[in-house]
Amino acid sequence: MTNPTDRGLSRAERQAMPIALDVAVEIAKHNGVCIRPVVLRRLDTHTGTTEDVNVPCGTTMEAKCPPCAKRNRYLRMAQCREGWHLEAEPSTTPDEPTEEQRWLVEFRADMQAQRDAAEQAGDDTTDLDAVLTGLDDEINAAGIRGTLLGRTAAKRNRSTRRRQDAPDLPKRVRQNTTLGRTFTGSDGATYRPSLFVTLTLPSYGRIRAGQGVPVDPATYDYPRAARDALHFSKLVDRFVQNLRRVAGYDVQYFSSVEPQKRLAPHLHMAVRGTMPRAEIKAIAAATYHQVWWPSVDEVRFEGEHLPVWTERSERAEPYPDGQDGDYLDPATGELLPTWHEALNRLDADEEAEPLHVVRFGPQVDVQGVLSGTPDADQCIRYLSKYLTKSLGDTLDTDNPAQRQHAARMVEALRYEPCSPACPNWLRYGVQPKNAKAGMAPGRCRGKAHKPEHLGYAGRRVLVSRKWSNKTLAEHKRDRRTWVMEALGLADQPTDPHRYVWKPVPAGDDNIPSLALRLLRMVAERQRWRATLLALEDRAVGQDLSAMREAA
């Protein structure tokens with residue numbers, strides 16, 4: 001074996017040797033250990049002791065660490081499987097409030113009365129407002145959901161009249177259930193089928209088969225593709241609303257947004273219960289979302305001619321919330337309309353048209369699925385296939401045509417407003433919502449404008465509240481409980497206020513190297529796996545012994 005410290009080796013021979021850290025990383029991947037652990041310092045408030053803990057990086061579905069991403073994918077698969085074919089209604093009745101919760105709400109009522117009386121008398125309410133804010137935090141910390149303030153801003157209401165170019169939908173009386181219909185077979189067995197639905201966006205031009213790139217990029221409708229991707233999440237919300245109106249029951253779903261080869265997002269949805277395929281396709285055809293934003297047809301500022309920020313301006317009304325200055329036209333000194341002013345003008349224009357209308361394409365796939373079948377397992381795997389990757393990670397980097405197609409898509413998104421707070425509104429003469437200094441068109445830091453997201457800024461996994469009657473954290477806790485019980489270790493819930501977590505500053509001499517931390521985590525994982533395998537072999541041996549005794 002060659003010794004890397006041998007001075008007689010050439011540079012090429014030394015460079016050909018594997019690096020120790022790379023070997024440790026590969027071993028960690030092979031054992032399912034996080035390769036980018038974050039070190040946090042944990043203080044035990046009961047004992048006063050501190051401990052450095054390696055926390056996995058996989059706190060999101062799009063984790064960059066492959067082992068964490070794989071673990072998150074399996075967690076989502078378990079969540080999908082557990083809620084898809086429920087046979088009993090999930091319990092959603094909230095617990096009765098405790099005495100502490102009742103006392104906090106009653107005390108807040110007294111303080112609210114004092115605050116209202118002070119406001120009517122013209123007194124300063126700053127201190128009382130601070131007390132109410134602290135009480136609201138204590139009420140939430142005591143385990144009460146929601147807020148007592150309700151909606152604090154006025155909601156803009158628009159006409160709910162359906163568009164003339166969209167078909168009407170039937171509306172059934174909604175029953176208070178989340179379970180679909182059951183069917184009895186000829187053998188007397190009861191079946192409760194569910195659905196697997198795939199929805200896509202419309203065509204923007206001819207695509208080369210199997211490659212996902214336009215036949216003619218010059219005629220491909222990139223602007224429309226960009227806007228459809230930006231507002232795809234709203235279209236999905238509309239589809240769910242329409243689905244529940246037509247189905248007549250509280251439809252529950254588990255869905256994932258994935259990229260097609262042409263880089264357009266599309267939706268896979270596991271739906272509890274069943275409906276006729278023709279109705280699902282009719283709902284998709286009748287679903288649309290109108291984007292009521294100011295017009296972007298006219299480019300007012302570009303290049304070196306950009307709006308100028310000023311912190312002092314003569315305004316006829318107070319600044320909007322979160323804004324302490326204005327953008328103005330550098331040539332005329334005219335203040336640009338704020339986001340709220342632009343929407344008020346849009347509301348006052350009776351002939352105004354929406355900025356964009358997004359719809360699904362005609363390709364709608366609907367499949368019936370029974371629980372416990374290979375088709376159900378295949379659909380679950382398909383739902384979670386790309387959850388560990390961003391939309392841009394699925395690109396074929398070896399295909400120059402697809403790289404150019406992605407570059408053109410990113411360029412189409414560059415100046416497209418992605419939200420009310422997007423700096424691109426300055427290009428069209430409108431101040432973004434909560435505008436601040438330093439904004440410039442084409443420099444939006446929003447998720448939608450990042451190349452790896454290709455315009456889609458919504459969540460990759462959409463799960464209804466009554467799907468499995470558990471949060472993702474509760475599903476993770478179930479898996480941990482199973483492992484701890486199998487290992488024979490106690491898994492008692494700890495006081496959430498017992499530990500105080502703090503980040504470890506960079507350069508701390510007490511923190512071991514990454515390679516050493518990975519090796520320790522690998523050793524711990526191997527010890528757990530060996531214990532689980534021994535328990536499994538023991539259980540198999542007990543089953544064989546029982547079978548022999550029964551024989």
Side-chain angles (χ1 to χ4, degrees), residues 21-40 42 52-84 254-259 268 270 376-394 452-453 459-463 467-489 491 493-494 499 501 503 514-536:
L21 178 59
D22 294 342
V23 175
V25 169
E26 289 300 323
I27 293 175
K29 288 181 180 179
H30 180 73
N31 287 272
V33 171
C34 174
I35 62 174
R36 297 179 183 176
V38 180
V39 182
L40 295 179
R42 185 178 67 180
D52 293 336
V53 180
N54 291 308
V55 180
C57 70
T59 56
T60 63
M61 285 307 300
E62 295 181 13
K64 297 302 182 181
C65 169
C68 290
K70 183 178 180 180
R71 187 161 50 250
N72 287 340
R73 177 174 177 263
Y74 285 144
L75 185 64
R76 285 294 191 182
M77 291 175 64
Q79 183 185 28
C80 181
R81 183 178 294 106
E82 186 168 336
W84 198 356
F254 180 102
S255 59
S256 63
V257 178
E258 299 175 356
H268 296 300
D377 294 335
Q378 182 179 0
C379 289
I380 292 173
R381 289 193 298 269
Y382 199 70
L383 274 167
S384 59
K385 182 178 180 181
Y386 293 107
L387 291 185
T388 59
K389 299 181 180 180
S390 61
L391 297 180
D393 289 340
T394 59
E452 61 267 25
H453 294 288
R459 290 174 290 127
R460 296 290 304 280
V461 182
L462 309 172
V463 185
W467 176 255
S468 63
N469 205 32
K470 295 180 183 178
T471 63
L472 197 62
E474 290 172 332
H475 282 285
K476 188 181 297 184
R477 226 170 9 245
D478 290 345
R479 298 181 65 178
R480 172 183 171 82
T481 301
W482 182 87
V483 172
M484 298 299 284
E485 290 179 353
L487 295 174
L489 301 176
D491 188 28
T494 58
Y499 298 105
W501 299 81
L514 175 60
L516 184 57
R517 287 187 284 132
L518 291 179
L519 294 180
R520 290 174 177 174
M521 296 169 66
V522 167
E524 184 180 15
R525 178 62 59 89
Q526 290 178 342
R527 185 170 62 255
W528 286 9
R529 183 177 289 115
T531 304
L532 288 174
L533 291 176
L535 292 173
E536 183 179 353

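Values below: every heavy atom of this structure, side chains too, minus hydrogens, waters and symmetry copies.
The line from SG of C65 to CZ of R36 is 7.0 Å long, rounded to the nearest 0.5 Å. The distance from atom CD1 of I27 to atom CZ of R525, rounded to the nearest 0.5 Å, is 14.5 Å. Interatomic distance, OG of S384 versus CD of Q79, reported as 11.5 Å (0.5 Å rounding). To the nearest 0.5 angstrom, T471 atom OG1 is 6.0 Å from R477 atom CZ. In this structure, CZ in R73 is found 9.5 Å from NZ in K385, a value given to the nearest 0.5 Å. Distance check: H475 NE2 to E82 CD gives 5.0 Å after rounding to the nearest 0.5 Å.
Heavy-atom minimum distance, A28 versus L518: CB-CD2, 4.3 Å. Scanning all heavy atoms of the two residues, the minimum distance from C57 to C34 falls at N-SG, 3.3 Å. Scanning both residues, W84 and A376, for their nearest heavy atoms gives CZ3-O, 3.8 Å. Between I35 and P67, the closest heavy-atom pair is CG2-CG, 4.4 Å.
Heavy-atom contacts from other residues, nucleotides or ligands closer than 6.0 Å to CD of Q378 number 12 or fewer.
V463 has its side chain within reach of R76: a pair of non-hydrogen atoms, C-beta onward, lies under 4.5 Å apart. Taking 4.5 Å as the limit, some side-chain heavy atom of N54 sits within range of a side-chain heavy atom of V39. Between R71 and L75, the closest side-chain pair of non-hydrogen atoms is not below 4.5 Å. For the pair P37 and L514, the minimum side-chain heavy-atom distance is below 4.5 Å.
Ring pair F254/W467 is tilted by interplanar angle, where 30° to 60° counts as tilted.
Remark: the backbone N or O of I380 is not paired with any side-chain donor or acceptor of R81 at under 3.5 angstrom.
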Original post:
Checking side-chain contact (heavy atoms from CB on, under 4.5 Å) for the pair R527/E524: CA distance, chi angles, key distance, verdict?
Top reply: CA-CA 5 Å; R527 185 170 62 255; E524 184 180 15; 3.5 Å; yes
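For N469, the side chain to side chain donor-acceptor pair (under 3.5 Å) test picks out no residue, with sequence neighbours left out.
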